[in-house]
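Okay, structure first, notes after.
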Amino acid sequence: MSVPLVDIRSVSHRFGQLAVLKNVSLQIEPGSYTILLGPSGSGKTTLLSILGGFVTPSEGKVFIRGEDCTAMPPAKRPTTTVFQDYALFPHMSVGGNVGFGLRMQGVDGATRAARAREALALVGLASAFDKKPHQLSGGQRQRVALARALVIEPAVLLLDEPLGALDLKLRRQMQDELKAIQKRVGTAFIHVTHDQEEAMALADHCVVMNDGRIEDEGPPERVYHRPATRFSATFMGESTILAGTVAETTNGIATVATSIGLVLLPGAVQPGANVALAIRPEHLVLGTNEGAVGLGTAEVSDVVFQGSFKRVLATSTIDAALQFIAKAPASATVQTGDTVMVSCKADDMILLANER
Amino acid sequence: MNPTGNDGRALPRAGRALPWALVTPALGWTLLFFVLPFIAMGLSSLTAHEGGGFTLTNYSQFFTNPSYWQAMVNSLEVTAIVTVVSVLLAYPFAWILAEQVPERWQRLALMLAVLPFWTSYVVRSYSWLLVLAQNGVINRALTGSGLVTEPLQLANTRFATVTGFVHFFVMLLTLTIFANLKQLSPSYRKAAADLGAGPVRTFLHVVLPLTLPGIMVGAFLTFVLCIGDYITPQILGGNNELLMPQLVMMQIGRRGDFPLASALSIILMAVVTIAYLACARWLKIERA
Amino acid sequence: MRQFVRVASWVYALAVYGFIFLPVVVLVLFSLQSTSFPIPPFTGPSLRWYEAVLSDVRLTSALVNSLLVAALSSATAVTLGFLSAWGFARFVLPGSGLLRGLITLPLTVSYLIIGMGLLVLFNWAGVPKSLLAAGIGHVVINLPLCFAIIYSQMGDHQINIERAARDLGAPEWKVLLLITVPVMAPAIFAGFFLSMTFSWDEFVISFLLTRFDTTLPVEIWNLLRSGLNPKTNAVGSLVFAVSIVLVVLFELTLLRRKPA
């Protein structure tokens with residue numbers, strides 16, 4: 001691997017007393033689609049602002065293409081930003097907006113218009129060149145903002161909750177288009193969102209953030225199936241969390257003492273360590289427990305019909321504090337008030353070490 | 001979510017001198033031509049007209065000379081009457097404009113209602129003089145219709161001053177109260193009606209309390225503008241009874257007594273400040 | 001009941017309209033008087049008093065002075081107001097709240113006192129009474145107004161728009177000229193026209209700070225000393241007309257920003 005496109009080294013940032021980023025390091029490869037995923041206040045937008053040059057971090061360095069950009073103003077760095085509210089210039093036509101960056105570079109009018117039209121064609125808005133931003137729909141404005149940022153061929157495109165202002169259906173549609181556009185232009189995209197579905201759909205590389213730290217990063221499949229922390233197990237998709245202590249570890253099999261008894265699963269953790277077991281809803285089996293790890297019985301507290309499946313919430317009859325979240329087939333006959341057996345394959349249980 | 005609000009205000013590294021370069025002209029202007037004159041006025045008020053050193057006579061005169069004291073009493077009385085009458089006249093008017101006039105005519109109705117607001121205030125006071133004069137329109141109408149036999153003394157009275165002021169402040173208050181009523185979400189009224197309140201009770205328990213802070217702000221504005229105005233009492237009231245601004249101008253005009261004029265101005269300002277502090281509690285409601 | 005409220009409303013509204021328009025109607029009507037007293041009965045219509053006004057050099061030069069002072073002082077006020085509003089809205093400055101308070105402070109002080117203060121200061125400093133002195137006073141009263149109007153319109157959205165321009169490579173002065181000024185144009189115009197009307201109308205500061213060359217309100221005041229006179233009606237009606245033009249312009253600039 002050569003020099004990464006973006007290299008964030010031990011960045012911390014404070015707004016007054018409030019620490020919003022705590023020693024964050026992150027590398028981003030050329031041509032990748034990176035999602036910064038996290039709840040409000042997790043520091044993801046601040047990290048993006050630091051990349052864009054709108055905020056200088058309190059500590060740490062940012063390198064882009066091997067060059068120290070930590071204190072470089074936005075105009076000078078090879079990044080452009082698509083703002084959450086699009087920030088289109090209301091007094092300029094769409095063509096004027098898209099051509100603005102080229103105009104600042106001193107590109108002549110004819111070339112500018114031609115390249116702006118090209119960029120608009122790329123986002124499927126070739127016909128909007130002469131319109132004013134207020135004549136466009138939300139989705140169209142979004143595309144203009146994208147074209148405006150892409151036309152000056154940045155090395156990294158930064159997107160701040162770009163789909164946040166769109167309604168659900170349009171959001172899913174724009175997701176697919178964003179991905180297609182990214183593949184076509186090959187620019188590295190860094191995209192901030194709190195929507196985990198959006199993250200899974202778009203990311204090559206998913207960075208889960210919480211409380212100013214990176215909790216987990218990797219391909220979305222890996223992050224989903226093998227989350228590194230309890231936070232990413234519950235933020236990126238749902239999980240049932242079973243807390244316990246490791247009793248012993250032999251031959252790569254850990255025995256964990258939990259409130260519902262001993263559970264054996266693959267893993268090598270120091271005996272005595274506090275751990276958590278995370279189980280994805282689709283891995284919980286209700287009714288039988290053949291060849292699986294029994295998790296006791298539970299009383300069903302709620303069944304929510306979700307179309308293609310039923311989401312079942314159940315409370316353990318052994319430990320009332322333990323809530324199971326399971327995904328049952330749409331055809332399942334389970335009802336509120338039923339008592340069911342709960343089980344799960346040992347391989348599907350995720351052992352989260354380093355629990356406090 | 002986001003700290004964007006904060007980062008938005010972070011200094012672009014273009015240079016830290018830039019923001020100061022932007023705000024310094026305005027600050028400098030205010031310091032040089034507003035704060036400095038104020039200091040000059042304060043210092044002047046502590047010197048004697050005839051020259052010489054530090055003295056408090058200009059202030060003590062105000063409290064010992066009954067005619068000066070009387071001017072302040074007159075000013076406060078006139079201002080109080082004007083404020084109350086203007087609010088009482090303007091509120092129903094603004095309410096009618098906001099509630100009874102069809103939506104599409106409201107803008108026009110409001111524009112018409114405040115049109116004379118934009119006439120020069122010297123001209124406006126003069127116009128009232130025309131109306132109220134001994135042989136002016138009103139007296140002609142009254143004598144012509146036989147309601148009175150002798151023309152009434154309307155001009156050069158406190159009544160004339162109050163009329164001129166009320167005319168101006170009814171327009172100002174109509175504007176502010178109308179804006180207040182329109183800002184009120186219709187859901188409040190619907191909710192009140194839904195919960196069984198009739199129109200009268202809705203008005204008393206919902207609309208009026210919610211517009212009260214706006215009225216207070218308007219009333220305070222009326223107070224400040226009214227107590228400091230020289231033109232209206234000078235043209236309409238004449239010199240029969242003096243108000244504070246007339247007293248101040250008299251010191252400059254007739255006697256060139258800047259120190260005394262400064263002292264009287266500062267006393268006038270102190271009264272406004274006290275009124276502000278007294279009302280601050282209600283004025284703050286709006287900010288909350 | 002509802003019917004009663006409607007009728008009462010109409011009666012009340014018409015009465016208030018009557019009260020509001022009475023002096024204006026009398027003013028304009030008797031400006032067309034053909035005899036020498038602006039009191040009933042009406043003897044016009046005649047334009048002789050308008051002719052008298054327009055041939056009165058003192059009045060016409062005062063009118064030009066007024067327009068000049070209004071235009072120049074408003075331009076100064078709006079420029080200073082805009083720059084400072086931009087500075088305060090975009091940058092973190094130490095003591096920002098206090099400094100903004102200082103700029104808006106003159107709004108709470110009556111014109112008489114502002115004029116008095118300047119008179120005392122200029123008197124001490126040996127600055128002679130002049131239109132320039134009055135213009136300086138007009139900037140003092142209009143600067144806080146322009147600042148408040150423009151500052152209130154500089155929201156977070158505009159901040160992002162400017163950041164986008166910087167991000168795309170615009171240097172600070174291009175951001176100002178190509179983005180901020182055009183985007184803020186309605187607020188800038190509104191501030192300018194409102195300042196124009198206030199300066200055009202202002203009496204007491206001009207009265208205190210000018211001597212020979214003076215503004216129209218002061219000249220009208222001088223005219224008033226000769227008692228009731230249809231010439232005063234005529235010049236008053238002209239002043240009213242100019243104010244209305246300014247207000248209509250102001251309304252139009254406000255309306256213009258609605259579709260954006």
Side-chain angles (χ1 to χ4, degrees), chain B residues 4-5 8-12 14 18-19 22-23 25-27 29-30 33-34 36-38 40-41 44 89 92-93 96 100 112-113 115-116 118-124 126-131 133 135-137 140 167 170-171 224-225 228 230-231 235 245 248 252 258 261-262 265 268-269, chain C residues 6 9 12-13 16-17 19-24 26-27 30 38-40 80-81 83-84 86-88 90-93 99 102-103 106 108-110 112-113 116-118 120-121 123-124 136 139-140 143 147 156 159 166 172 197 201 203-204 217 220-221 224 228 232 236 239-240 243-244 247:
Chain B
T4 4
R9 276 134 212 259
L11 290 173
L18 174 70
L22 292 172
V23 300
L27 285 172
W29 196 282
T30 309
F33 299 120
F34 178 70
L36 193 60
F38 223 79
M41 201 159 69
S44 165
L89 277 176
F93 186 54
I96 290 166
Q100 299 286 314
L112 273 178
L115 201 63
W118 300 107
T119 49
S120 159
Y121 75 153
V122 177
V123 173
R124 206 163 39 231
Y126 167 75
S127 309
W128 273 110
L129 200 58
L130 289 178
V131 173
N135 35 21
V137 182
R140 279 296 163 95
H167 179 242
V170 159
M171 293 189 277
V224 171
L225 293 175
Y230 166 67
I231 279 289
I235 294 179
V248 172
I252 304 168
F258 286 15
S262 298
S265 300
L268 185 58
M269 249 207 59
Chain C
R6 271 204 90 72
S9 294
Y12 187 83
V16 176
Y17 273 120
F19 172 65
I20 287 174
F21 275 93
L22 176 63
V24 178
V26 170
L27 175 81
F30 288 106
I39 48 168
L80 296 184
L83 291 177
S84 53
W86 199 51
F88 281 117
R90 292 299 179 267
F91 303 99
V92 181
L93 291 169
L99 295 179
L102 178 66
I103 290 186
T108 59
V109 178
S110 67
L112 173 68
I113 291 169
M116 265 299 304
L118 283 169
V120 171
L121 179 74
N123 193 42
W124 272 7
I136 287 174
V139 176
V140 172
L143 168 59
F147 171 77
D156 281 352
I159 293 181
R166 271 183 214 120
E172 218 57 35
T197 55
D201 212 16
F203 168 77
V204 88
I220 294 174
W221 168 262
L224 281 187
L228 301 184
T232 314
V239 170
F240 182 45
S243 300
I244 295 301
V247 173

Contact part of [X] toward chain C, heavy-atom cut-off under 4.5 Å: side chain, backbone, both or neither?
{"X": "B:Ala133", "value": "side chain"}
{"X": "B:Tyr230", "value": "side chain"}
{"X": "B:Met269", "value": "both"}
{"X": "B:Ile252", "value": "side chain"}

Which atoms of [X] come close to chain B, meaning under 4.5 Å heavy atom to heavy atom: side chain ones, backbone ones, both, or neither?
{"X": "C:Phe30", "answer": "side chain"}
{"X": "C:Leu224", "answer": "side chain"}
{"X": "C:Leu143", "answer": "side chain"}

With a 4.5 Å cut-off on heavy-atom pairs, point out which of C:Thr108, C:Val16, C:Val239 contacts chain B the most.
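Counting heavy-atom pairs under 4.5 Å, the top option is C:Val16.
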
Mind ranking C:Leu112, C:Leu22, C:Ile136, C:Ile244 by heavy-atom pairs under 4.5 Å with chain B and telling me who comes out on top?
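Counting heavy-atom pairs under 4.5 Å, the top option is C:Ile136.
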
Please identify each residue that fulfils side-chain contact (heavy atoms from CB on, under 4.5 Å) with C:Ser9, with sequence neighbours left out.
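Partners of C:Ser9 by the side-chain contact (heavy atoms from CB on, under 4.5 Å) criterion, ordered by chain and then number, come out as B:Trp95, B:Ile96, B:Gln100, C:Val5.
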
Qualifying residues under side-chain contact (heavy atoms from CB on, under 4.5 Å), relative to C:Leu83, sequence neighbours excluded
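Once residues adjacent in sequence are excluded, the partners of C:Leu83 under the side-chain contact (heavy atoms from CB on, under 4.5 Å) criterion are B:Leu22, C:Thr79.
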
Do the side chains of [Y] and [X] get nearer than 4.5 Å, heavy atoms only?
{"X": "C:Pro23", "Y": "B:Tyr126", "value": "no"}
{"X": "B:Phe93", "Y": "C:Ile20", "value": "yes"}
{"X": "C:Ser84", "Y": "C:Ile103", "value": "yes"}

